[in-house]
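I have placed the structure first, in the form of structure tokens, so that the comments after it can refer back to it.
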Amino acid sequence: MRIVVIPGDGIGPEIVAATERVLAAADRRFGLGLAFERQEAGFAALERAGSTFPRAVLERCRAADGVVLGPVSHAQYPPRAEGGLNPSAELRIGLDLYANVRPSRSRAGIPCSSRTPMDLVIVRENTEGFYADRNMHAGPGEFMPTPDVALAVRKVTSRGSRRVARVALALAAKRRGKLTIVHKRNVLRLSDAFFVAEVEAVAREFPGVAVDDQLVDSMAALLVRDPERFDVVVTTNMFGDILSDEAAELAGGLGLAASVNAGDDHCMAQAQHGSAPDIAGRDVANPTSLVLSAAMLLDWLATRHARPELDRAARAIEDATERLLANAATRTRDLGGALGTAAFAAALEERISRDSASPT
Ligand code: NAD
Ligand code: IPM
Ligand code: MN
């Protein structure tokens, strides 16, 4: 199993190092046969190779079994013509990672803004929608026909909607059997009505899943008022981007926010948050987001390759993480604890190596 590991920018190198350490511990304990290959993207790559995402890196990721991508300071990159490519976008499009799966759940004892317990997964379409920097075959979907007019084109396709729907429905069938489609079809009468209809068409293949829908603005309010009512949520790219940050923050903070970008042939672990330049280099970032993303990648690999030991390793990583988070003394600073990034990773490593809770 070859895993490409990309440190990224800001807190990226710190949380990626922590995640690599945890994966290596799981590899030793469960005999996964992981081989890590480091690649550079972001400012380090710009300096060395003139691009924040050199073409060769995409090829290495395509040849690998999985990717772990640290957050990148994309907003601070120079224009594309000067080498400023967004690694997230290049990988999501380049590896056709069409479903961004973003769980958020509250945990007993961890302070959270949600008044009630919550446990939901937002499945975000990841290759089209309002992402004008990447949603066209050639040229950007954003342009200015005259100096005083700016236009952005949003793309919704049958294929894009149906394939993300299938991921969301399959997930709902394994969880509490409920899917909520989020849209703005009262305004986007063609494109969002189309998205909802395409998802509903696929839903007919999943009679065990109860499907409802919600306008995106009321969804933003309901997430605060009553997040308990949601199980799996499926939505277009930008609504999913925004709502997943909201859900993560309600559930305890972005430091806990894991995700994978998954396609039919590739999968990439990536935290939901950005490069957090405000806390970079201080050993205070919470690596849980990326560690749990890596566990989700192991889950995806376990299913794809029918290798149960990968699944056991994922459970062991989750278990170790939950045990540390359950104790106020072994949390990171964002959660009011005292552990730095490296100390938290060391504690995880120690637990994974020692625990014999799940027999190998
Ligand atoms: P951000 O998500 O980086 O940070 C928002 C807030 O959350 C900050 O206060 C930060 O300190 C905190 N935070 C985030 N992750 C944390 C962690 N693991 N532990 C503790 N605290 C954490 O958002 P931003 O500041 O708007 O963006 C910074 C840069 O990241 C920008 O260049 C943006 O374009 C980029 N970005 C990248 C990704 C990605 O790589 N997937 C996602 C979002 C933003
Ligand atoms: C995310 C981010 C990125 C996205 C940005 C940095 C382009 O917000 O991964 O959630 O939306 O693609
Ligand atoms: Mn985002």
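In each ligand, atom 1 is the first atom listed, and ligand 1 is the first ligand listed. One is the number of the first residue; the rest follow in order along the sequence. Fair warning: this is a prediction, and the values are worked out from it, not measured in the lab.
- Protein heavy atom at the shortest distance from atom 8 (O) of ligand 2 is D241 OD1, 3.3 Å.
- Between S88, S275, A248, G70, it is S275 that holds the heavy atom closest to atom 29 (C) of ligand 1.
- Compare D278, D241, I11 by their heavy atoms: the one nearest to atom 10 (C) of ligand 1 is in D278.
- Residue P277 touches ligand 1 through its side chain alone, judged by heavy-atom distances below 4.0 Å.
- At a 3.5 angstrom cut-off on N or O pairs, V284 does not count as close to ligand 1.
- By the 3.5 Å distance cut-off applied to N or O atoms, R124 is counted among the residues near ligand 2.
- When only non-hydrogen protein atoms are considered, atom 12 (O) of ligand 2 lies nearest to R92 NH1, 2.7 Å.
- The residues R163 and D96 are annotated as salt-bridged, a charged nitrogen and a carboxylate oxygen being separated by less than 4.0 angstrom.
- Listed by chain and residue number, the protein N/O/S atoms under 2.8 Å of the Mn ion (ligand 3) are D241 OD1, with waters left out.
- Under a 4.0 Å heavy-atom criterion, I15 is not in contact with ligand 1.
- Considering backbone and side-chain N/O of N86, none are found under 3.5 Å from N/O of ligand 2.
- Among I279, L69, N286, D334, the residue whose heavy atom sits closest to atom 22 (C) of ligand 1 is I279.
- Looking at G274 next to ligand 1, an N or O pair under 3.5 Å apart turns up.
- At a heavy-atom distance under 4.0 Å, no atom of V72 approaches ligand 2.
- Contacts between R102 and ligand 2, counted as non-hydrogen atom pairs separated by less than 4.0 Å, involve the side chain only.
- Contacts between V72 and ligand 1 below 4.0 angstrom, taking non-hydrogen atoms only, involve backbone and side chain alike.
- Taking 4.0 Å as the cut-off between side-chain N and carboxylate O, R62 and D265 do not count as a salt-bridged pair.
- Residue contacts with ligand 1: A285 is placed with no nitrogen or oxygen under 3.5 Å of a nitrogen or oxygen of the ligand (distance criterion only).
- Looking at Q272 next to ligand 1, no N or O pair under 3.5 Å apart turns up.
- Checking only distances, Q270 does come within under 3.5 Å of ligand 1, N or O to N or O.
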R315 vs E318, salt bridge (Lys or Arg N to Asp or Glu O under 4.0 Å): CA-CA, chis, key distance, verdict: CA-CA 5 Å; R315 298 290 77 72; E318 282 176 1; 3.1 Å; yes
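- We find that E198 and R185 are not joined by a salt bridge, their nearest charged nitrogen and carboxylate oxygen being 4.0 Å or further apart.
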